[in-house]
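So that the names make sense, note that chain A is the first sequence line, chain B the second, and so on, each numbered from 1. Computed from a predicted structure; not experimentally measured.
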2 protein chains.
Amino acid sequence: MPSSLRPFFEATGVAVIGASANPRKLSHGILKNLIEYGYKGGIYPVNPGSEDILGQKCYPDVAAVPNPVDLAVIILPAPATPEALEACGKRGIKAVVIISGGFKETGSGGQELEAQCLKIAADHQMRLIGPNCVGLVNLHNGLNTTFINGLPDVGGIGFLSQSGAVCGGVGDLVQGKKVGFSHFLSLGNEADVTETDIIEYLGDDPNTNVIAAYVEQIRDGRRFLEVAREVSRKKPIVLLKAGRTSAGARAVSSHTGSLAGSYSAYQAAFKQAGVIEVNTVAELFDVSMCLDFQPLPTGKRAVILTNAGGPAALTSDSLSAHGIILEDLEAETREVLRQHLNPAAQVGNPVDMLGGAEPADYAMAVKQLISDKNVDIVIPILVPQSLVNPAGVAQAIVDASQGSTRPVLTCIMGDISVNEARLVLQGNRMPMFVH
Amino acid sequence: MPSSLRPFFEATGVAVIGASANPRKLSHGILKNLIEYGYKGGIYPVNPGSEDILGQKCYPDVAAVPNPVDLAVIILPAPATPEALEACGKRGIKAVVIISGGFKETGSGGQELEAQCLKIAADHQMRLIGPNCVGLVNLHNGLNTTFINGLPDVGGIGFLSQSGAVCGGVGDLVQGKKVGFSHFLSLGNEADVTETDIIEYLGDDPNTNVIAAYVEQIRDGRRFLEVAREVSRKKPIVLLKAGRTSAGARAVSSHTGSLAGSYSAYQAAFKQAGVIEVNTVAELFDVSMCLDFQPLPTGKRAVILTNAGGPAALTSDSLSAHGIILEDLEAETREVLRQHLNPAAQVGNPVDMLGGAEPADYAMAVKQLISDKNVDIVIPILVPQSLVNPAGVAQAIVDASQGSTRPVLTCIMGDISVNEARLVLQGNRMPMFVH
């Protein structure tokens, strides 16, 4: 049986109910995003006051749309939402995203409206995402019902967020860096569709290799455990939990009106379900990108390949703190490195090629190291030197790593000036870290 | 008595011994940097093979320079260095930076050469920085003897590094972000001048507000304790120690040939001396910048001001993990916020102004919060929304914080698209964090 969530991500026609011709309105932004990101299905603005918005014929109500519509996006004042939802139900639409706020999060009046929407949805066997969310994006078909400016690159990370703001902020953070996403969505109040439903859906989605989640609360712990345990056997689930401390939990509760639960209970559940927990937004995507781009290591022996001692020492400290070992290399590897590198280079582990190391040195060394039997993980480090081009080193690492069954995780120090190197690496499915 | 290190940073004339006309040579880069960064003293390339380099008259040896020279930078093959150093001594030069490698770090032959240099320096009462370093920069007078491309902005952080690569990498990392530096140097083998000497010097330097150090080892623990204890009473010392784990210590030892010592002994010493230890390069400058730009908090009660719940929850978690408290605001503050903000806003702590918050809302709220008696630290958070300009919010926060005796630490989510906001904030001595 196909998932009831499928129309949300694979819709053949989308109605935007409340689409506005005013470019200052979020509903205008949604229509614009639907048009601009390559979505090939039908796009139907619904607004009794307009004939045409952004070149799309506009309909007075959803019943008037002549073509198939299987997804509706509602962005109307909260009190007008139930009526629009009812019209969707009558039209036979099975998936509705309610972007609008003004529901449960605002108190008892809103709570009643939300209950009313749920009742209508149940009567018509509709699924709801939201209300009070920024919408969703399927990057593989360009279906974008958000009002977010710009999008991350297309790839294998399916990201779901219980905070619309975190969703938007993440978009800003990863844009233009070749951190590839398959899906990108916020769930708002989760009146119907929950984080667990999306994890289950992405678990079966062929474009998603890794599931990344920002979570403030789990609605149904037992079901989450079941689903996450199942899904994490097939693909990694990386999760950032907000509200871990009592201050954080109070902050969550004040903005969603719901309790965040005890963190130790969450931790136990995550562990049981095979979920990988992280501590920051940056870590959420660093870890997810690694898991998407590179094979899993088969052991915990790493080798550091560097052009500078200091950063290798810092990396050694960090690996050691995480239980990763710097094992001695095979004698043969050391011999080959000794023959080819600067005579003053260190061919232990870390391998320090010294500041003059060129792309050809990186290529030769990476090739040797990925076939050393004492190595499970290869970590090339580059500190930019005035005469070495970071993008050239990045390309050499990419070429030398072709077909490696061991993960190669590159670390280049710097920021704006190493962006080209990042695009070379991450564009070739090799994660780059900056320090 | 003026410090014997003063000529390193306040030289009236600099000789570059081994300056090359070949733009691929590091010694050419040094001369170029000396010329290009606004240094007003005399610049004297020394090279018997050239008449003129980069428009500067070139001298066959240092004795031939007719004008005052109180700093020499030597960049010659190691075996030629003692002779050049002897010539500097005879010329009466009291400060020499030896950039060249090929000394102690390469084994016993190099060790002998290094000892020879030290002996010459002692005979002539010269101070040495290096060998095997990238040189030094005083950003307040443009004296730049490094070959690093580009420089950070001018400001109050004095940075010293025992790794030349970390020095270069940091330059790349902070460039163009208005993280201000007073000094910027690497010490190489520390044959003579050590990390402790520089900390002592920067402790008395009027342009330095905070000392940031990347350290692999302390040469003389007792003296470090004495000096650091004294200096940290006047200005903060923020320190990143590499070689904390045994793997890290081995990595340090393999590239410097010296033992890193037991980390727990270091930790105890740092604590006794009032040194603030950090864990990553990014943290080194985040913390240093905060201490440079903002007043110290007089207590541990923070308030979060946000336009989004999720990031406020993450920040609450992080504050709580560091012992910072989110105290209730004064009744009067809550009343004023309630009157001026969106009626659906939360006026507890975190104060959540919701996604529509504009620069004027931030201005009003920051003004209220910096005068609330229950608040020691103000943390404005912005998640970019499609209709709000981050730089506008940044300017509003800057204006509203004028004259605040409480630290205001802003957090704006995103990356490239929030760079303008960062320049507004950091250009006005307000640190910005990204997530």
Winner by heavy-atom pair count (cut-off under 4.5 Å) against chain A, out of B:Gly355, B:Ala247, B:Gly168: B:Ala247
Shortest non-hydrogen contact between A:Gly414 and B:Asp172, atoms and distance: CA-OD1, 3.5 Å
Pick one of side chain, backbone, both or neither for B:Ile304, based on which atoms fall under 4.5 Å of a heavy atom in chain A. neither
In short, A:Tyr214 meets B:Ala313 closest at the heavy-atom pair OH-CB, 4.4 Å
Exam field: side chain A:Asp317 to backbone B:Ala242, donor-acceptor pair closer than 3.5 Å: no
Residue B:Glu277 excluded, over 12 heavy atoms near CD under 6.0 Å: yes
Rounded to the nearest 0.5 Å, what separates atom CG in B:Leu173 from atom CE in A:Met413? 6.0 Å
Heavy-atom side-chain proximity of B:Lys177 to A:Asp415 below 4.5 angstrom: yes
Side chain / backbone / both / neither for B:Pro384 at chain A, heavy atoms under 4.5 Å: side chain
Stepwise side chain to side chain contact (heavy atoms under 4.5 Å, CB included) test for A:Leu240 and B:Leu314: CA-CA 9 Å; A:Leu240 172 60; B:Leu314 291 171; 3.9 Å; yes
Does B:Glu283 have more than 12 heavy atoms from other residues, nucleotides or ligands lying within 6.0 Å of its CD? yes
Chain A contact via B:Ala282 - which portion, at a heavy-atom distance below 4.5 Å: both
Heavy-atom closest contact (A:Ser316 atom, B:Thr245 atom, distance): O-OG1, 3.9 Å
Go through the atoms of B:Leu26 and report whether side chain, backbone, both or neither lie under 4.5 Å from a heavy atom of chain A. side chain
Under 4.5 Å heavy-atom distance to chain A, tell me which part of B:Ser417 shows up: side chain, backbone, both or neither. both
From the list B:Ile325, B:Val166, B:Asn307, the residue making the most non-hydrogen contacts under 4.5 Å with chain A is B:Val166
